[in-house]
Amino acid sequence: MIDLSRPALDVAPHLLGAIIRHGPVSVRITEVEAYMGLVDPASHAFNGPGGRAAVMFGPPGRLYVYLSYGIHHCINVICSPDGVASGVLLRAGEVVGGNQIVRDRRGPKAPDRKLASGPGNLGQALGVELADSGMALALDGFAPPTDGTSSDWSLEAPSAPVAARITTRIGISKNAETPWRFIIPGEPTVSGRRH
DNA sequence: CTTACGATTGCCT
DNA sequence: GGCAATCGTAAGG
């Protein structure tokens, strides 16, 4: 069981190899980035708990979903204790369940390895919407909460430790030199640069 | 109220 | 490698 009440920077490498599921679709995570809230100018939570990132200041184990460039819905797993903001952006993965549904969502032109490669593509593969922001993940088969934050999302820790390579984050202008991106070496589903 | 901007992607040259 | 698409937010008047 992954302890999501720790800071995102500590949690991020442990999410590599984990399985996130939404309904019939399951994805094995191969690329993530940590966003560290109030101490990270690149984080949507940098300016405090107002606005779209307010949910990041809530309890860990929920989703923070945002719209990128008016088109793409990107998924974060919220970390740190209630009242502290940090989160892990899920950037890429390998589709391991619901392959036909993902193919229908992503269209016929996408190569298999790109079905969930890149944060927008991963979100589309999992069928995430803005309304999923704040929803709770059921962890490792444990029952989801009964407080209204439950939907059909779950997260399973990897069965064995997974190798991680650390790099700088992708697509940001602030705090861009900080090495808070984690990838599984050699994974063909990783988006962007591999070092 | 008005305007500018992305934690991106895919198509074009 | 360059760049347009597209819309919820955030910033500005």
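Convention: sequence-line order gives letters A, B, ...; per-chain numbering from 1. Note that the coordinates shown come from a computational prediction; the quantities given were computed from them, not determined experimentally.
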Under-3.5 Å N/O pairs linking protein and nucleotides 10-13 of chain C:
unit_1  : atom_1 : unit_2   : atom_2 : d
dA10(C) : OP1    : Arg52(A) : N      : 3.2

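Formation of a donor-acceptor pair under 3.5 Å by the Asp140(A) side chain with backbone atoms of Ala157(A) is found in this model. Distance alone, capped at 3.5 Å, places no donor-acceptor pair between the Glu94(A) side chain and the Thr189(A) backbone. Remark: side-chain polar atoms of Arg91(A) are not paired, donor with acceptor, to backbone N or O of Glu31(A) under 3.5 angstrom. Judged by distance alone, with hydrogens and angles left aside, the side-chain atoms of His44(A) form no donor-acceptor pair with the main-chain N or O of Ala53(A) at under 3.5 Å. Judged by distance alone, with hydrogens and angles left aside, the side-chain atoms of Ser26(A) form no donor-acceptor pair with the main-chain N or O of Gly97(A) at under 3.5 Å. A donor-acceptor pair is defined here as one N or O able to donate and one able to accept, closer than 3.5 Å; no such pair exists between the side chain of Arg103(A) and the backbone of Arg105(A).
Each of Leu67(A), Leu89(A), Leu90(A) was checked for a side chain to side chain contact (heavy atoms under 4.5 Å, CB included) with Cys74(A), and the lone residue meeting it is Leu89(A). The salt bridge (charged side-chain N to carboxylate O under 4.0 Å, His left out) with Glu187(A) is formed by just one residue from the set Arg194(A), Arg28(A), Arg165(A); it is Arg28(A).
The CD1 atom of Ile166(A) sits 8.5 Å away from atom CG of Leu9(A), with the distance rounded to the nearest 0.5 Å.
Near-neighbour residues of DNA chain B inside residues 102-116 of chain A, defined by a heavy atom below 4.0 Å, number-ordered: Arg106(A), Lys109(A). Residues from residues 60-96 of chain A lying near DNA chain C, meaning a heavy-atom separation below 4.0 Å, are Leu67(A), Tyr69(A), Gly70(A), Ile71(A) in numerical order.
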Secondary structure string for DNA chain C (Watson-Crick or G-U under 3.5 angstrom, | for other-strand pairs): |||||.||||||.
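Inspection of the Thr30(A) and Arg113(A) side chains reveals no N or O donor paired with an N or O acceptor under 3.5 Å.
Boundaries of the chain A contact region on DNA chain B are dG6(B) to dC11(B), first to last in 5' to 3' order (nucleotide atom under 4.0 Å from a heavy atom).
Rounded to the nearest Å, the gap between the C1' atom of dG1(C) and that of dA7(B) is 22 Å. When the P atom is used for both dA4(B) and dA4(C), the distance is 16 Å, rounded to whole Å.
Note on Val102(A) and Leu122(A): same hydrophobic cluster, where clusters join Ile, Leu, Val, Met, Phe, Trp and Tyr whose side-chain heavy atoms are under 4.5 Å apart, directly or indirectly. Under the 4.5 Å side-chain heavy-atom criterion for Ile, Leu, Val, Met, Phe, Trp and Tyr, Val65(A) and Ile78(A) are members of distinct hydrophobic clusters. Under a hydrophobic clustering in which Ile, Leu, Val, Met, Phe, Trp and Tyr are joined whenever their side-chain heavy atoms come within less than 4.5 Å, directly or via other members, Met36(A) and Leu4(A) fall into the same cluster.
Here Pro41(A) pairs with Phe46(A), Lys174(A), Asn175(A) under the side-chain contact (heavy atoms from CB on, under 4.5 Å) rule; sequence neighbours left out.
Thr167(A) approaches His195(A) most closely through the heavy-atom pair CG2-O, 3.2 Å.
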